[in-house]
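Hydrogens, waters and symmetry mates play no part in the numbers below; they use all other heavy atoms, side chains included.
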Amino acid sequence: MNRYDALRRAVPEWFRNDAEGIDVLTEPALVRKARRLATAAQHSRPRGPVGALWARLRAMVRPVPAGVVSANRHLWYLRDPVRFPDGRLGLYDRVLPPPGSSPGVVVLPLLGPEGKVVLIEHYRHATRKRHWEVVRGFGDPGATGEENVARELREEIAASPTAVIALGELHPDTGLLAHKVELYAARVDGFGDPEEGEAILRVITVTPAEAEAMVSDGRITDGFSVAALYRARLAGLFDTGKGGAT
């Protein structure tokens, strides 16, 4: 837990407790109890006194790991000892961006005066499937949103923005992820070959209406892309004369 304790001191806002929320535990005795309870919950109910004794010993000797489970330049995986609002103790996993990182960006490219939507067919390791998506990526530390937009467009579809329109922020999964991403639309005059090293298979253009139909019929299921299209619609970018025909 030494790395976890150091992180708690360095980034206290990650561990702030709010009234009526889920409290992160710091008292060592409570932390140990939370780990023991989590360990016991992972295993089936012990049978007989010998089984119960073995379960208690296992929980004390080999409790479920807590603290910093893993960390890299893109994310930190924490397992916090917590007290739930009903008084139960346990462990709760969450994934956070590294301290000092910039938000990731989601970029909806709009091509030419017609404002056609540029989509990429992206093979994703997590789902082991192909997905139709807009451009997106992690933010570089210290970079502005606009700088991250330009870099992602260049890297993924060899395009340069002629205008960048902010569409707001998004928390993609508040049950697990602390990440915040920034949504943008970007006007481009063209694009090049996709980044093969990122498993981007091809690039297509569709009208805004066609893109929204792909959401409706399930061809677009990526949450970032759905959010970017919806925010663009709300911002009026798909209205006639503002970036594309409806």
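Rounding to the nearest 0.5 Å places CG of Leu89 at 9.0 Å from CZ of Phe84. To the nearest 0.5 angstrom, Ile165 atom CD1 is 4.5 Å from Arg187 atom CZ. A distance of 8.0 Å separates OH of Tyr77 from CG of Leu176, quoted to the nearest 0.5 Å. Of the inter-residue distances, the one linking Leu229 atom CG with Arg231 atom CZ reads 12.5 Å to the nearest 0.5 angstrom. Interatomic distance, CD of Glu133 versus CD1 of Ile220, reported as 9.5 Å (0.5 Å rounding).
Both Met214 and Phe224 sit in one connected hydrophobic cluster of ILVMFWY residues. Membership requires side-chain heavy atoms under 4.5 Å apart, directly or through other members. Val95 and Trp14 fall into different hydrophobic clusters, where Ile, Leu, Val, Met, Phe, Trp and Tyr residues are linked whenever their side-chain heavy atoms come under 4.5 Å apart, directly or through other members. A single hydrophobic cluster is not seen to contain both Val82 and Leu30; linkage of ILVMFWY side chains at heavy-atom distances under 4.5 Å, directly or through other members, places them apart. Residues Trp132 and Tyr230 do not share a hydrophobic cluster, defined by chaining ILVMFWY side chains whose heavy atoms lie under 4.5 Å apart. When the side chains of ILVMFWY residues are joined at heavy-atom separations under 4.5 Å, either directly or via intervening members, Ile22 and Val31 end up in two distinct hydrophobic clusters.
A 4.5 Å side-chain heavy-atom check between Val188 and Ile157 finds every atom pair outside the cut-off. Leu91 has its side chain within reach of Pro81: a pair of non-hydrogen atoms, C-beta onward, lies under 4.5 Å apart. Residues Asn148 and Tyr184 have side chains not in contact (no heavy-atom distance under 4.5 Å, counting atoms from C-beta outward). Taking the side chain as every heavy atom from C-beta outward, Leu167 and Leu237 approach each other to under 4.5 Å. Inter-residue side-chain proximity for Val24 and Asn17 is flagged as met; some heavy-atom pair is nearer than 4.5 Å.
When every heavy atom of Val106 is checked against every heavy atom of Ala228, the shortest pair comes out as CG1-CB, 4.1 Å. Between Leu7 and Pro99, the shortest heavy-atom distance links the atoms CD1-CG, 4.0 Å. What you find for Leu108 and Ala232 is that their closest heavy atoms are CD2-CB, 3.5 Å. Between Val135 and Pro109, the shortest heavy-atom distance links the atoms CG2-CG, 4.0 Å. Across all their heavy atoms, Pro161 and Ala186 have their closest contact at CB-CB, 4.2 Å. When all heavy atoms are compared, the tightest approach of Pro172 to Leu177 is CG-CD1, 4.1 Å.
Between the Arg124 side chain and the Lys129 main chain, no donor and acceptor come within less than 3.5 Å of each other. Side-chain N or O atoms of Asp23 include none that pairs as donor or acceptor with a backbone N or O of Leu25 at under 3.5 Å. Between the Asp86 side chain and the Arg88 main chain, a donor and an acceptor come within less than 3.5 Å of each other. Judged by distance alone, with hydrogens and angles left aside, the side-chain atoms of Arg83 form no donor-acceptor pair with the main-chain N or O of Ala34 at under 3.5 Å.
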Self-check item: Intermediate values then yes/no, side-chain contact (heavy atoms from CB on, under 4.5 Å), Val118 and Leu110
Solution: CA-CA 6 Å; Val118 180; Leu110 299 175; over 6 Å; no
Practice problem: Begin from the C-alpha positions of Val134 and Leu119 and carry the test side-chain contact (heavy atoms from CB on, under 4.5 Å) through to its verdict. | Solution: CA-CA 5 Å; Val134 299; Leu119 296 174; 4.0 Å; yes
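By the neighbour-count criterion of 12 heavy atoms within 6.0 Å, atom CD of Glu20 is sparsely surrounded, having that number or fewer from other residues, nucleotides or ligands. Within 6.0 Å of atom CZ in Arg130, 12 or fewer heavy atoms from other residues, nucleotides or ligands are found, so the atom counts as exposed in its surroundings.
Applying the side-chain hydrogen bond (donor to acceptor under 3.5 Å, both in side chains) test to residues at least two apart or on different chains, the pairs with a partner in residues 213-227 are Arg136-Asp222, Asp217-Arg219, Asp222-Ser225.
Applying the salt bridge (charged side-chain N to carboxylate O under 4.0 Å, His left out) rule to Glu147 yields no partners; only residues at least two apart in sequence or on another chain are considered. In this view, Arg16 and Asp18 satisfy the salt bridge (charged side-chain N to carboxylate O under 4.0 Å, His left out) rule, not counting sequence neighbours. For Asp93, the salt bridge (charged side-chain N to carboxylate O under 4.0 Å, His left out) partners two or more places apart in sequence, or in a different chain, are Arg79.
Both tests pass for Arg94 against the ring of Phe15: distance under 6.0 Å to the centre and angle within 45° of the axis.
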Name each donor-acceptor pair under 3.5 Å that joins a side chain in residues 191-203 to protein atoms two or more places apart or in another chain, with its distance.
unit_1: Glu195; atom_1: OE2; unit_2: Gly197; atom_2: N; d: 2.9
unit_1: Arg202; atom_1: NE; unit_2: Glu121; atom_2: OE1; d: 2.8

Contacts under 3.5 angstrom, residues 66-74 side chains, donor-acceptor by atom type, not counting sequence neighbours:
unit_1: Asn72; atom_1: OD1; unit_2: His74; atom_2: N; d: 2.7
unit_1: Asn72; atom_1: OD1; unit_2: Leu75; atom_2: N; d: 2.9

